[in-house]
There are 2 protein chains.
Amino acid sequence: MQRCCPPAVGDTAERTNEAAIFKALGDAHRLTILATLSRAEDEVCVCDLGSALPLNQPAVSHHLKILRDDGLVICERRGTWVYYRLALTQKTALSVHYAP
Amino acid sequence: MQRCCPPAVGDTAERTNEAAIFKALGDAHRLTILATLSRAEDEVCVCDLGSALPLNQPAVSHHLKILRDDGLVICERRGTWVYYRLALTQKTALSVHYAP
DNA sequence: CGCTAGTATCGAAATATGTCAATGCAACGA
DNA sequence: TCGTTGCATTGACATATTTCGATACTAGCG
């Protein structure tokens, strides 16, 4: 396989993982959730997250699951309520630089 | 409207714009395109961008249009070929910090 | 058990992705 | 000039994924 330019850095699987994170961020409602969590000094319960969005509870829960599955937020149940907070991992740092 | 937590920063329109950029990055093929452009010292023509992807030309063109519409790349036609390069604007800096 | 908070599942509408065909655009040769 | 060739984009369509509401379900409390 002959090419004029060097092949792209990183394999496809790695790039797919990166894309999944960006995809999770590619929704205005989820950005609102993350912004709310970031502004909150402490964790925020689901009902408060939902009250800032024009969605009903199942839809909010759906978006939260996406953020959970991508490791962007973590949740903890205490009694009746579930509290969310940002998962401050490398992923959320998001200092993206192409190419590495 | 009464809430326990402060409202999210930024209005919906602004957040929608941000989401559009993340959505553009939320695809492994488009990340490959951006990585290739970033690695290339100079611009890269469409045929070379396409040869690094398991897609045919129309699909590549489609992805390039998404990146163009979001202001992430710019293109220039010279003769028969069209050359792409990164649009090094604020958008591509992508030093994301929530909340601002 | 009843009640509330949150999640999971299902289905419909909207959107995204990729392929094929058709169109533009520029270079080249008769 | 005209037709041909090759690169790139656009449009139409089929398929896949996403989004969100309605409903059903689970967990915890009194």
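Only heavy atoms go into these numbers, but all of them, side chains included; no hydrogens, no water, no symmetry mates. By convention in this document, chain letters (A, B, ...) are assigned in the order of the sequence lines, proteins followed by strands, and residues within each chain are numbered from 1.
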**Student:** Would you indicate what A/Ala59 reaches in the nucleic acid, counting non-hydrogen atoms under 4.0 angstrom: base, sugar-phosphate, or nothing?
**Tutor:**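 Sugar-phosphate, backbone atoms only, no base.
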**Student:** Nearest whole Å is fine: how far is D/dG28 C1' from A/Glu76 CD?
**Tutor:**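 For the pair A/Glu76 CD and D/dG28 C1', the rounded distance is 15 Å.
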**Student:** Quick check on DNA chain D: between A/Thr80 and A/His62, whose nearest nucleotide comes earlier from the 5' end?
**Tutor:**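 Residue closer to the 5' terminus by nearest nucleotide: A/His62.
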**Student:** In whole Å, I'd like the distance from the CG atom of B/Leu67 to the P atom of D/dT9.
**Tutor:** 12 Å
**Student:** Are any side-chain N or O atoms of B/Ser61 and backbone N or O atoms of B/Pro58, one a donor and one an acceptor, separated by less than 3.5 Å?
**Tutor:** no
**Student:** Within the 4.0 Å heavy-atom criterion, would you say A/Arg78 contacts the bases, only the backbone, or no part of the nucleic acid?
**Tutor:**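 Counting heavy atoms under 4.0 Å across all strands, no contact is made by A/Arg78.
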**Student:** Counting only N and O atoms by type, is there a donor-acceptor contact under 3.5 Å from the side chain of B/Asp70 to the main-chain atoms of B/Leu72?
**Tutor:**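 Flag not set: sc B/Asp70 to bb B/Leu72 has no pair under 3.5 Å.
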**Student:** Rounding to a whole Å, what distance do you find between A/Ile66:CD1 and D/dC20:C1'?
**Tutor:**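 Between C1' of D/dC20 and CD1 of A/Ile66: 11 Å.
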**Student:** Distance check needed: D/dT19 P versus A/Leu31 CG, whole Å only.
**Tutor:**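 From A/Leu31 CG to D/dT19 P: 12 Å.
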**Student:** Please determine, for the side chain of A/Asp27, which listed nucleotide (C/dT17, D/dT19, C/dT19) has the closest atom?
**Tutor:**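 Closest of the options to the side chain of A/Asp27: D/dT19.
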**Student:** How would you label the contact of B/Tyr84 with the nucleic acid (heavy atoms, under 4.0 Å): base, sugar-phosphate, or nothing?
**Tutor:**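 Counting heavy atoms under 4.0 Å across all strands, the contact made by B/Tyr84 is with sugar-phosphate only.
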**Student:** Atom CZ of B/Arg77 to atom P of D/dA8: distance rounded to whole Å?
**Tutor:**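 Rounded to whole Å, this separation is 8 Å.
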**Student:** May I have the distance from B/Leu53 (atom CG) to C/dT17 (atom P), rounded to whole angstrom?
**Tutor:**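 That distance rounds to 13 Å.
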**Student:** Against the six-membered ring of A/Tyr83, is A/Arg77 placed for a cation-pi contact (under 6.0 Å from the centre, within 45° of the normal)?
**Tutor:** no
**Student:** Choosing from D/dA8, C/dA8, D/dT18, which nucleotide comes nearest the side chain of A/Lys23?
**Tutor:** D/dT18
**Student:** How close or far is atom P of C/dA16 from atom CZ of B/Phe22, stated in whole angstroms?
**Tutor:** 17 Å
**Student:** Should the pair B/Asp42-B/Arg85 be classified as a salt bridge under the 4.0 Å nitrogen-to-oxygen rule?
**Tutor:**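 A salt bridge is present here (some side-chain N lies under 4.0 Å from a carboxylate O).
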**Student:** Quickly work out the B/His29 NE2 to C/dG18 C1' distance and round it to whole Å.
**Tutor:**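 After rounding, the gap between these two atoms is 9 Å.
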